[in-house]
Amino acid sequence: MSVLKLKPSCKDYLWGGHRLAEEYGKEYDGEILAETWELSCHPDGPSTIVNGPWAGKTLQQYIEEEGKSVLGNNCRRFRDFPILTKFIDARENLSIQVHPDNRYALKNEGQYGKTEMWYVMDAGRDAFLYYGFKKEISKEEFARRIQEDTLLEVLNAVPVQKGDVLFIESGTIHAIGADILIAEIQQNSNVTYRVYDYGRVGKDGKKRDLHIEKALAVTNRVPLLKSKSSYPHVADCDYFTVDKLNLDGHIMGRMEGNVSEESFVSILILDGEGTVTCGDTVSYKKGDSLFLPAGSGKYVIEGSCDALLTRIREKAAPVRIGINLSGTGTRIGLVDVHDQLIDSAWIPMDTACPAQEMIRAAAQTALKLLEKNGISMEQCTGAGVGVPGTVDCKEGIVRYSNNIRWEDVPLVKEMGRYLPVPIEAANDADCAALGEAAAGAGKECSDLVMLTVGAGVGGSVLLDGELCQGKGIGGSELGHMVIVEKGEPCTCGRRGCLEAYVSIPALKRQAKEKTGQDMEAEEIFAKAAAGDPAMKELLELYAERLGIGIVNIVNIFRPQMVLLGGEISRWAQMLLPSLRKIMEEGCFGREKGELPLIETAALGTDAGVIGAAGILLRRENSRNTR
């Protein structure tokens, strides 16, 4: 592996000085150099690789070409590159400002919020910064003081000196004061809400914009409690873990470390010079930024230096979001590391509603569930969405769904506007099968076929524990095998499909044709159980057609188990005796063969939610074993 040396993106904000060019060797010929973005994949200022075979490419381009594995397993939970590292030279006071959290920023700005840490590299004799409030104030007082220019009276002014560390969570009002040089490590975001700016004007001669309403919405207006120690780290949170390294070149002139598969390592050189060896050897000097890809193994830092080493740790008690869309409604749930459902909610589905509205409603319900259960967005490692129809899993696009009337809907992109986590999409029947295999009736089976019967008929095949999806984007569409030549029209456009005969709408249609009355499925099964001859006859024919489909599936895949899931699972016990008999009589080899079990799915509608929540883990594991 290589040690990547990075060239920063430079920013000339009006409050900046020129020390980063003069003392830290930054290549810049302007009068003001306020910030250098040293480790950045942010589009507002990407850093560039200057050595090795990737020289001239941005860090983001390197990651795209080499794959996200260079970031490490602990970064799977982030949709984008997780952090942004800066040097900041404040010649003058920065504006009084606040950063939103992930939820608010994603909804209103389309990017992550910001939690950050500051390491003071140098400070003037009387230097100070603002950090929170002196006392608790109301929202009304906050707004009034902004309006009256008296906000500084209630802010907590903190004197600082070289070596001080401050941790600034989202929602904390703050500002760097004049004559301070800082190394900042933050979430990968460029969202800042200014509330006071000393009346300064920008390059256009106008006062810089303030963002008062947004700041009022996100600011924590109580005094900050003394920060908990991050020992043995300088800073430690779900977004980054930072350690300080000091080599004096004499007693301590060498440090050995290891870059595991779990996370990359960023090395920000605050002072000194020497070499870093990890496969190859790269020299460093004051102000350099180095990136060591995950899995690089042993590395050695030699010389004399002060440096900040940053990595991404494993998240504690992670939670995943599972969303299962269907023609009748959407079920949303929170799933823990043991594939157990923490909580769930259901919202009705109106297929006439635009796809974007359905997606927004599902995402907002997920956010409400997190809030209800006291789970922060930071604990959420990802979301999976199951959808009926043809899903392009790689691109996150629902190419076609006859049940919910979607065509070429960019599901993952739309969902990502509301949920700031990695998101994966899959066919809903696949999700249901994965859920049953993880925590339900199929837990002991490596070869499993599941039929989900509801508004349509979905199907999923697991062989050796892996989804059997072929090379196309459609996966298994078992509901669209033809069982009656030139039979009833199907919603897919063909005739005689299994779905056209055994979906719940098909069953209700058949009942009306037989009796002239509209009946729900529950009434049909209840009447048959009570001995109604017409409904008994209807269900016998229904079971026969469903049995034909099952026999075809068993003859092709020879699974250990066939599961019936979806809405039909509520009444499947009435059908199982007939289905088992049809399978015994119709399967190739009959009693001489090894017939599979045929059972009812155990998790009901929870299966799709639990399976959807596990999509991300399965796909990451699959990529890592290739």
Tell me if the CD atom of Glu66 is crowded by more than 12 foreign heavy atoms within 6.0 Å. yes
Side chains of Asp80 and Asn188: donor-acceptor distance under 3.5 Å anywhere? no
Quick check with a 6.0 Å cut-off and a 45 degree axis cone: is Arg558 positioned over the face of Phe588's six-membered ring? no
Do any N or O atoms from the side chain of Arg509 and from the backbone of Ala500 form a donor-acceptor pair under 3.5 angstrom? yes
For Gln356 and Glu414, indicate whether the former's side chain and the latter's backbone hold a donor-acceptor pair under 3.5 Å. no
With a 6.0 Å cut-off (strictly less than), is the heavy-atom count around CD of Glu485, excluding the residue itself, greater than 12? no
Please lay out, stage by stage, how Asn102 and Gln187 fare under the test side-chain hydrogen bond (donor to acceptor under 3.5 Å, both in side chains). CA-CA 10 Å; Asn102 286 341; Gln187 281 182 264; 2.9 Å; yes
Closest heavy-atom pair and its distance - Glu499, Ser503: O-OG, 3.0 Å
Evaluate Glu599 against Arg580 for salt bridge (charged side-chain N to carboxylate O under 4.0 Å, His left out), listing each step before the verdict. CA-CA 9 Å; Glu599 301 290 349; Arg580 287 170 179 147; 3.3 Å; yes
With a sphere of 6.0 Å drawn around CD of Glu488, does it hold more than 12 non-hydrogen atoms of other residues, nucleotides or ligands? yes
Step through the shown structure and confirm whether more than 12 heavy atoms of other residues, nucleotides or ligands are within 6.0 Å of CD on Glu64. yes
Note: Pro410 and Ile397 closest approach over all heavy atoms is CA-CG1, 4.1 Å
